[in-house]
2 protein chains.
Amino acid sequence: MPKSITRTYSRYTYNAAALLGALIREARNERKLTAQELADRAGISRGLLQRIEKGNLKCEIGAVFEVATIVGIKLFDANERTLMKYLRQTKDKLTLLPKSVRKKTKEMRDDF
Amino acid sequence: MPKSITRTYSRYTYNAAALLGALIREARNERKLTAQELADRAGISRGLLQRIEKGNLKCEIGAVFEVATIVGIKLFDANERTLMKYLRQTKDKLTLLPKSVRKKTKEMRDDF
DNA sequence: TTTCCTTGATTTATATATGGACCATAAAAT
DNA sequence: ATTTTATGGTCCATATATAAATCAAGGAAA
């Protein structure tokens, strides 16, 4: 980031990340994995795993998802197969939608 | 990162991020928002939004969740209220679990 | 109780994600 | 058909997330 930018997050975003972190912590305990062990499996540092479990919003989503996957948390309540099905469906739907969102220059009677 | 590390991700992680990105794109189209408009609302750059919609795993989770929230995607299939309920439940459960995962020094007959 | 491992926190160096500017192309509106 | 603008790239400078090392405190096992 060239310019120093302070992001603001909605409460929903905070809570979603916090919940995912807590679920990871819970699953790690149930599977009797130390933080170091889980971090090693995910290919990340123990420090990063700590931040993930605390729900830190500045972590890369890949690391968070990977850790969640390793401890068996189902994102979107879907297994691999279902996930790919959803993905395909959504992409198909996307090809039907307009490629770009255009604003009408003249008055658009969308909102009244 | 001191040492240059190349992460590896499971297919599940790839697909989960790709799905979330596609859902965001779909929701953005339905709400007739240009990439720039949505990026502005989320306080991020258009370039970052592009990467998010492509399912890039190196984006910060806070930015991804915030964008998803803005276009109305319900993470964990839960609204604000339900999200906080889950969070409280999980945290409560966490307090009951052992604070640290200990490996028994002697042979632990866990795996055979 | 004592030992020893796990966790939490802090610090430092550096790899890198991000913002911003740019351009080319696509596609929607006129 | 023409115009206009959204999108998708690229490149660059820099703010910062991360890995690694270290230490202290807590708590589970012996």
I need the CD-P distance between B:Glu60 and C:dT16, as an integer number of Å.
17 Å

Rounded to whole Å, the CD1-P distance (B:Ile52 to D:dT7) equals 15 Å

Ignoring backbone atoms, test whether A:Arg7 places a side-chain nitrogen or oxygen under 4.0 Å from the OP1 or OP2 oxygen of C:dG19.
yes

Taking any heavy-atom pair under 4.0 Å as a contact, classify B:Ser100: base, sugar-phosphate, or nothing.
sugar-phosphate

Distance in angstrom units between B:Glu37 CD and D:dT5 P, rounded
13 Å

Identify, between A:Leu49 and B:Leu97, the residue whose nearest nucleotide on DNA chain D lies closer to the 5' end.
A:Leu49

What's the closest nucleotide to the A:Arg46 side chain, out of D:dA19, D:dT22, C:dG19?
D:dT22

Distance below 4.0 Å between A:Arg28 side-chain N/O and C:dT7 OP1 or OP2
yes

Roughly how far, to the nearest 0.5 Å, is the NZ atom of B:Lys85 from the CG atom of A:Asn15?
14.0 Å

To the nearest Å, how far apart are A:Glu53 CD and C:dG8 P?
7 Å

Assert: residue with more 5' nearest nucleotide on DNA chain D, out of A:Cys59 and B:Ala35, is B:Ala35

Name the one of B:Asn29, B:Leu23, B:Leu38 that satisfies side chain to side chain contact (heavy atoms under 4.5 Å, CB included) with B:Val71?
B:Leu38

Report yes if a side-chain nitrogen or oxygen of B:Arg25 is closer than 4.0 Å to either non-bridging phosphate oxygen (OP1 or OP2) of D:dG8; otherwise report no.
yes

Side-chain donor/acceptor of A:Arg51 to base of D:dT18, under 3.5 Å:
no

Supply the atom-to-atom distance B:Arg41 CZ to B:Leu49 CG, rounded to the nearest 0.5 angstrom.
12.5 Å

In whole angstroms, how far is the C1' atom of C:dG20 from the CG atom of B:Asp40?
13 Å

When rounded to the nearest 0.5 angstrom, what is the spacing between OH in B:Tyr12 and OG1 in A:Thr69?
6.0 Å

Please give, in whole Å, the distance from D:dA6 C1' to A:Leu94 CG?
15 Å

Please state whether the phosphate of C:dG8, meaning OP1 or OP2, lies under 4.0 angstrom from any side-chain nitrogen or oxygen of A:Lys54.
no

Using whole Å, what does the distance between atom C1' of nucleotide C:dA17 and atom CD1 of A:Ile61 come to?
14 Å

If you check every side-chain atom of A:Lys99, which of C:dA28, C:dT7, D:dG27 has the closest atom?
C:dA28

Measuring from the side chain of B:Leu48 (C-beta onward, heavy atoms only), which nucleotide among C:dT7, D:dG9, C:dG19 has the closest atom?
C:dG19

Minimal non-hydrogen separation, A:Ile44 against A:Ala63, with atom names
CG2-CB, 4.2 Å

Applying the 4.5 Å side-chain criterion to the ILVMFWY set and letting contacts propagate, would B:Ile70 and B:Phe76 be lumped into a single cluster?
yes

Would you kindly give the CD-to-P distance between B:Gln36 and C:dC22, to the nearest whole Å?
14 Å

Just N and O in the side chain of B:Lys58: are any of them under 4.0 Å from OP1 or OP2 of C:dA17?
yes

C:dA28, C:dA9, D:dT18: which one has an atom nearest the side-chain heavy atoms of A:Pro98?
C:dA28

Which of these nucleotides, C:dT7, D:dT4, D:dT7, is closest to any side-chain atom of A:Arg102?
D:dT4

Specify the residue among B:Val101 and B:Ile44 whose closest nucleotide of DNA chain C lies further upstream toward the 5′ end.
B:Val101

Starting at the 5' end of DNA chain C, which residue's closest nucleotide do you reach first, B:Gly47 or A:Asn29?
A:Asn29

